Amino acid sequence: MKKRIERRGYSVTFSPFSVRTPASTANLGPGFDSIGLALPIFQTIDVEPGSSWSVSYDQQEFQHLPPDGSNLILKTIHKVARDAGMECPTAELYVRSDIPLSRGLGSSAAAIAAGVSIADRLMNLNLSIDEQIKAASEIEGHPDNVSASIAGGLTVSRYADHELTSISLPVEGFSVVIMAPENELETEKSRGVIPDTLKHHEAVLSSAAANVMVASLLVKDFRKAGQVMMKDGFHEPYRLNFFPQFEEIKEKSGDLGAFAVTISGAGPCIAVFAEDSASSCVSEQLTAMYPEFKVMQLKPVNQGTILNEYPSNRLSV
Ligand SMILES: Nc1ncnc2c1ncn2[C@@H]1O[C@H](COP(=O)(O)OP(=O)(O)OP(=O)(O)O)[C@@H](O)[C@H]1O
Ligand SMILES: N[C@@H](CCO)C(=O)O
C-alpha cells in the first residue's frame with residue numbers, strides 16, 4: 001500500500017516499512033572500541049510517509065527522548081542525506097525498543113544503525129554493509145557496537161580517519177548472561193576515566209589478548225577465550241570504580257562454570273560468557289544470588305539489521 005505525500009510542490013511516495021536492529025555488547029574485554037557481538041534484544045521502527053518528520057516511542061522509559069531534529073535517529077538520517085547531497089523524503093517513525101538506554105547494550109548504536117538503514121531505504125542509496133557501518137561509525141565515533149547492530153554476529157572492526165575495515169563472523173556454542181543493574185551509566189562518563197596514553201608493551205599485551213580471543217571464539221575453544229578475555233588492559237582496570245561488584249561476580253561466575261566475565265560496552269551491564277551447556281545454570285544461579293540485577297540469558301544473533309517492506313496497521317489511507 002502506498003501513501004502519496006504532497007510536499008513543497010513535489011510528491012514523494014514510498015511504501016511503509018520497518019527496521020529491526022539488535023542490541024550488542026562491545027569490547028568483550030580487550031577488544032576495546034573494535035569488537036562487538038549482536039544480542040537478541042531488539043529495537044523495531046515502523047516507518048511511514050508523513051508530511052513532516054516525527055518520531056514517537058511506545059514505551060514510557062523512552063518518552064524523554066527528543067521528538068525533533070536533535071533525536072539521534074533523525075540526526076543520523078539527516079547526516080546521511082547531507083553526505084549524499086540529497087533531500088530525504090519525510091517520514092513518521094514509530095519506535096518500540098527493548099534495548100535499555102545507557103546500560104552498555106548499544107542503544108545509541110542501534111538507534112544510529114536504524115537511522116542509516118532508514119536513510120538508505122528512503123533515498124534508495126543502496127549502501128553496502130561496510131558503507132553503512134562507516135556512516136554509523138562516523139556518528140558513534142567507534143565501530144564496535146554499530147558494526148554488530150548492522151552486520152550481526154561477532155564483528156571485528158577498525159575505524160580511523162574516515163576509513164573503515166570490518167568483518168562480521170558468525171558464532172555459536174556460547175551464550176551471554178547479561179547482568180543489568182537499575183542504574184544508567186553514560187558512555188561519555190565511563191570513557192572519561194580511560195587514560196589518553198598507554199605504555200607500548202601494555203598495548204601489545206592487550207592487543208595480543210584480543211587477537212587470541214577472536215581466534216578462540218571462532219574455533220570454540222572457550223577455555224582459551226576465557227583466559228584472554230579477562231586480560232584487558234585498555235579500559236576495564238580504569239573503570240572498576242563504577243563496578244563495585246565486578247570482581248566478586250567474576251569469581252562466582254567462574255565457580256558456576258562461566259568462561260569469562262567482562263564489562264558490557266561502557267557498562268554498567270556486566271556480560272558473563274558461558275558455553276551453551278552451562279549457560280542456563282549460570283543464569284539461574286546468578287539470578288538467585290543477585291536479585292538487584294536483571295539477569296538475561298542471551299544467545300548471540302548472527303543477523304544484524306533487517307528491513308521489512310510491509311503495509312503498516314497504522315496506515316489509514
Ligand atoms: N532509540 C533511540 N532514539 C533516540 N535516541 C536514542 C535511542 N537509543 C539511544 N539513544 C540515545 O543514546 C543515549 C545512550 O547512549 P549511551 O552511549 O550513553 O549508552 P548505550 O549506547 O546504551 O551504551 P553503550 O554505548 O555502552 O553500549 C540515550 O541517552 C539517547 O540520547
Ligand atoms: N567501546 C565502547 C563501547 C561503548 O560505546 C566503550 O567501551 O566505551
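Computed from a predicted model, the values in this text were never measured in an experiment. Only heavy atoms go into these numbers, but all of them, side chains included; no hydrogens, no water, no symmetry mates.
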**Q** Side chains of Tyr238 and Glu236 only: does a donor on one sit below 3.5 Å from an acceptor on the other?
**A**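 No pair is found: no donor N or O on one side chain lies under 3.5 Å from an acceptor on the other.
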**Q** With hydrophobic residues grouped by side-chain heavy-atom distances under 4.5 Å, do Ile178 and Met230 end up in a single group?
**A** no
**Q** Surrounding NE2 of His162 (heavy atoms of other residues, nucleotides or ligands, distance under 6.0 Å), is the total greater than 12?
**A** no
**Q** Checking Phe234 now: which residues fulfil ring pair (Phe, Tyr, Trp, His ring centres under 6.0 Å) with it, not counting sequence neighbours?
**A**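 Here no residue qualifies.
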**Q** So Val80 and Leu125, do their side chains get closer than 4.5 Å, heavy atoms only?
**A**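 Yes, side chains in contact.
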**Q** Go through the steps for Lys250 and Val272 under the test side chain to side chain contact (heavy atoms under 4.5 Å, CB included), then give the verdict.
**A** CA-CA 8 Å; Lys250 250 188 194 173; Val272 180; over 6 Å; no
**Q** Would you call the rings of Phe174 and Phe259 parallel, tilted or perpendicular if under 30° counts as parallel and over 60° as perpendicular?
**A** perpendicular
**Q** Considering only residues two or more places apart or on different chains, which pairs with a residue in residues 225-235 satisfy side-chain hydrogen bond (donor to acceptor under 3.5 Å, both in side chains)?
**A** His235-Arg239
**Q** For a 4.5 angstrom cut-off between non-hydrogen side-chain atoms, does Ile167 reach Ser157?
**A** no
**Q** So, are Lys299 and Glu172 salt-bridged, with charged N and O less than 4.0 Å apart?
**A**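 Result for this pair is no, no salt bridge flagged.
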**Q** Do Ser24 and Leu39 come within less than 4.5 Å of each other through their side chains, counting heavy atoms only?
**A** no
**Q** Side-chain donor-acceptor pair under 3.5 Å between Asp276 and Ser175, yes or no?
**A** yes
**Q** Give the C-alpha distance, both sets of side-chain angles, the deciding distance and a yes or no for side chain to side chain contact (heavy atoms under 4.5 Å, CB included) between Met296 and Val176.
**A** CA-CA 8 Å; Met296 296 172 272; Val176 187; over 6 Å; no
**Q** Using a 3.5 Å distance criterion without hydrogens, assess whether the side chain of Asp120 forms a donor-acceptor pair with backbone atoms of Asn126.
**A**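 A pair under 3.5 Å: yes.
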**Q** Pairing donors with acceptors under 3.5 angstrom, does anything connect the side chains of Gln297 and Ser280?
**A** yes
**Q** Just by modelled atom types, is the Gly233 backbone N or O under 3.5 Å from a matching donor or acceptor in the Ser206 side chain?
**A** yes
**Q** For the side chain of Ser137 and the backbone of Ile133, is there at least one donor-acceptor N/O pair under 3.5 Å apart?
**A** yes
**Q** Could you walk me through whether Arg121 and Glu309 pass salt bridge (Lys or Arg N to Asp or Glu O under 4.0 Å), step by step?
**A** CA-CA 10 Å; Arg121 165 68 183 77; Glu309 307 273 351; 2.6 Å; yes
**Q** Salt bridge (Lys or Arg N to Asp or Glu O under 4.0 Å), that's the test. Do Asp130 and Lys134 meet it? Break it down for me.
**A** CA-CA 6 Å; Asp130 280 355; Lys134 185 178 158 211; over 6 Å; no
